Amino acid sequence: MECPVCGGRCILPAEELIEGLEERYSPCPDCRETVLPKTAPPAFRPQPPCTCGRRPLDEIVADIWTIMAETGDLAPDEPLMNAGVPLIHPGCVLKAPPHIGPDGLVLLSKKVTKASADRIINEVAEVRGVVRDSGGVPGITDVGGTWQTHELLAGCDVRANIFETENKPVVTYLQQSVFHIEFPRAFDPKIINTSMQTLMHGPEVFFDACCGAGRLTLAAAQYGIPQVVMNDAWFGAAYWAAVNLEVNKTTLGLTNVEYLFSYDECRKTPVRSDPVKIAGAGGPAATFAVWQGDFRLLGPYLPAGHLLTVLDLFGKEEHERMEREEEALRQRIGGIVFIP
Ligand SMILES: [Zn+2]
Ligand SMILES: [Zn+2]
């Protein structure tokens, strides 16, 4: 499918992306094992990739640092880690420092400028996109609240994460400048909890109230739920949730995915309160709908049937607020509501 950000071939079906994952980041017999101190400026000069086409992550970050220092984004005595955060693509659970090939990471940096971003994209083959970190977390804190994004400076900042589940692994693509950092961990309590609740309750309707890029739905839906509704008030989540249905279509047994809006159309209304359906998908055994809106207002659009709702709000540490929201949603839409 065409990438909604750059028009290129950034987005692959889940099964293609997952293939060969075991070896993707491990060194070949000829690979260098460069590990540089993160708290000092790098004393390293660029070296060509190994015959396998990849380089150790720290060598790539050292090249990025050097360009940023030459452009004046970094002082000559700044440590390597000040270059920014390299987010590998696809992200997965790593057992050792990764070896990265072309287009294998997105750089997120507080200090990078447009001039060095252009140079990084042209000169460092492993970097697929450069994003300036605005300092906040992209997205919204609540419907009606303020929102913010990072800024894509060069290249394409679409990347994927691969999450293990009890069944098949799932893939979520996202645009890094409009999405918080989410990285797969060996133990993901939210996926485990969501899977358990789904098994325990056997819902006819599953409602993912704040779905983000969709990983909890993608885990739950593998247990066979006839009707699935995903929702997020933030365009950068809702649209990518729809993309991720298409990406994981084989795993979910979907035969068609229909987008009712383009990404650029969604971007014009970054936050929605009144729910708008933005995509639908279906197969022989299940129907999916993706909405953008305030989850509290989705009740009238939920299909009838035994309902299980997952409420994965930001700010889980505010226990009282979470419990209030959970109870209020239960009153509004009925069924079982849980915080993963
Ligand atoms: Zn792209
Ligand atoms: Zn190698």
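Computed from a predicted structure; not experimentally measured. Start at 1 and go down the list; that is how both ligands and their atoms are numbered.
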Legend entry - Heteroatom count (protein N, O or S) under 2.8 Å of the Zn ion (ligand 2): 4
Which atom pairs, one a donor and one an acceptor, fall under 3.5 Å between side chains of residues 79-101 and the rest of the protein, sequence neighbours left out?
unit_1 : atom_1 : unit_2 : atom_2 : d
Asn82  : ND2    : Glu78  : OE1    : 2.6
His89  : ND1    : Ala160 : N      : 2.9
His99  : NE2    : Glu33  : OE1    : 3.4

Inset, instruction - Could you tell me whether Asp63 and Arg55 make a salt bridge, using a distance below 4.0 angstrom between a side-chain N and a carboxylate O? - result: yes
Legend entry - Donor-acceptor under 3.5 Å (Lys111 side chain, Ser109 main chain): no
Show which side-chain atoms of residues 236-243 pair as donor or acceptor with protein atoms under 3.5 Å away, not counting sequence neighbours.
unit_1 : atom_1 : unit_2 : atom_2 : d
Trp240 : NE1    : Tyr263 : OH     : 3.0

Inset, instruction - Would you check if Leu216 and Ile191 make a side-chain contact, meaning some heavy-atom pair closer than 4.5 Å? - result: yes
Legend entry - Heavy-atom donor-acceptor pair, Asp157 side chain to Gln175 backbone, under 3.5 Å: no
Legend entry - Stepwise side chain to side chain contact (heavy atoms under 4.5 Å, CB included) check, Phe295 with Leu311: CA-CA 9 Å; Phe295 66 86; Leu311 181 60; 3.7 Å; yes
Legend entry - Near the Zn ion (ligand 1) (under 2.8 Å) - protein N, O or S atoms: Cys3 SG, Cys6 SG, Cys10 SG, Cys156 SG
Inset, instruction - Classify the ring geometry between Trp147 and Trp234 as parallel (under 30°), tilted (30 to 60°) or perpendicular (over 60°). - result: tilted
Inset, instruction - Check the pair Arg45, Thr66 against side chain to side chain contact (heavy atoms under 4.5 Å, CB included), reporting the backbone distance first and the verdict last. - result: CA-CA 9 Å; Arg45 289 294 154 256; Thr66 303; 4.0 Å; yes
